[in-house]
Amino acid sequence: MNKVKKGQSKMGYTKTVYSGWRKIKTYFNGKHYILLDTDRQIRTLKMRPGAKFGEAIDFTDKNNCWNTANVSLDRYAIDAHWAAEQTYDFYKVNFGRKGINDKTFVLKNYVHTNFADDNFYAYWTGDGIVYGDGRKGRSKKFQPLTTLDIVAHEYTHGV
């Protein structure tokens, strides 16, 4: 994957679903802030119905104070992004490692994938992490798997 330019990340603020208020690094593309941390080489992308990985689009925000509480479950993208940043930091602090391949690998988080009728999954693809939107049943609803422990588990498959 192509390396993104370092030093262009901005500090954003958000209320994650699973971890409360957190700071995240984002990127201002001249028009919007997007979920791209150029320092850690992490990009969080939105899948659209029927789209392929190369067709994923950026999550955007106008003021870098992310409030994506909407019916599309976009707020889970914030959790995936923040958790990937925390996992990167864990590997860097504890093992001196810079990302997945210790070089220039850009980790891509793909949120809103729809590859099966049951969207209750998270997995490592070899190129990034894929997250479904959860499961809705008659009596139970399971939320997307973007908690810190699950993101760290999938990230570790890449390492």
Inset, instruction - Could you walk me through whether Tyr131 and Tyr110 pass the ring pair (Phe, Tyr, Trp, His ring centres under 6.0 Å) test, one step at a time? - result: CA-CA 6 Å; Tyr131 308 93; Tyr110 295 99; 9.1 Å; no
Legend entry - Tyr155-Tyr91 aromatic ring centre distance below 6.0 Å: yes
Inset, instruction - Could you please spell out the steps behind the side-chain contact (heavy atoms from CB on, under 4.5 Å) verdict for Phe59 and Leu45? - result: CA-CA 6 Å; Phe59 286 93; Leu45 298 159; 5.5 Å; no
Legend entry - Verify same cluster id: Phe95, Tyr88 (apolar side-chain graph, 4.5 Å): yes
Legend entry - Pairwise side-chain contact, Phe53 with Lys108, heavy-atom cut-off 4.5 Å (strictly under): no
Inset, instruction - Have a look at Trp124 and tell me which of Ile100, Val130, Val159, Thr156 forms a side-chain contact (heavy atoms from CB on, under 4.5 Å) with it. - result: Ile100
Inset, instruction - Answer yes or no: is there a side-chain heavy-atom contact under 4.5 Å between Gln86 and Leu148? - result: yes
Legend entry - Pair Thr125-Asp127, side-chain donor/acceptor within less than 3.5 Å: no
Inset, instruction - Could you tell me whether a side-chain N or O of Arg40 sits under 3.5 Å from a main-chain N or O of Ile42, the two making a donor and an acceptor? - result: no
Inset, instruction - Could you tell me whether the side chain of Lys98 reaches within less than 4.5 Å of the side chain of Lys103, counting heavy atoms only? - result: no
Legend entry - Leu107 side chain near Gln41 side chain, heavy-atom distance below 4.5 Å: no
Inset, instruction - List the steps, then state whether side-chain contact (heavy atoms from CB on, under 4.5 Å) holds for Lys10 with Tyr33. - result: CA-CA 9 Å; Lys10 305 291 182 191; Tyr33 291 92; 4.1 Å; yes
Legend entry - Heavy-atom side-chain proximity of His112 to Arg48 below 4.5 angstrom: no
Inset, instruction - Check the angle between the aromatic planes of Tyr123 and Tyr121 and answer parallel, tilted or perpendicular using the 30° and 60° thresholds. - result: tilted
Inset, instruction - Answer yes or no: is there a side-chain heavy-atom contact under 4.5 Å between Val111 and Lys46? - result: no
Inset, instruction - Flag the pair Tyr27 / Asp37 as yes when at least one side-chain heavy-atom distance between them is below 4.5 Å, and no otherwise. - result: no
Legend entry - Donor on one side chain, acceptor on other, Asp58 and His32, under 3.5 Å: no
Inset, instruction - Report the distance from atom CG of Asn64 to atom NZ of Lys23, rounding to the nearest 0.5 Å. - result: 12.5 Å
Inset, instruction - Before giving the answer on side-chain contact (heavy atoms from CB on, under 4.5 Å), spell out for Tyr76 and Thr16 the whole-Å C-alpha distance, their side-chain angles and the decisive distance to 0.1 Å. - result: CA-CA 7 Å; Tyr76 293 96; Thr16 66; over 6 Å; no
Inset, instruction - Working to the nearest 0.5 Å, report the span between OG1 of Thr87 and CD of Glu154. - result: 10.5 Å
Legend entry - Any side-chain donor near an acceptor of the partner, Thr146 and Asp79, under 3.5 Å: no
Legend entry - Side-chain touch Asn109/Arg43, heavy atoms, less than 4.5 angstrom: no
Legend entry - Steps toward side-chain contact (heavy atoms from CB on, under 4.5 Å) verdict (Leu35, Trp66): CA-CA 10 Å; Leu35 291 180; Trp66 294 75; 3.8 Å; yes
Legend entry - Spatial distance of atom CG (Asp61) from atom CZ (Phe28) [nearest 0.5 Å]: 11.0 Å
Inset, instruction - Could you tell me whether the side chain of Asn101 and the main chain of Thr104 form a donor-acceptor pair under 3.5 Å? - result: yes
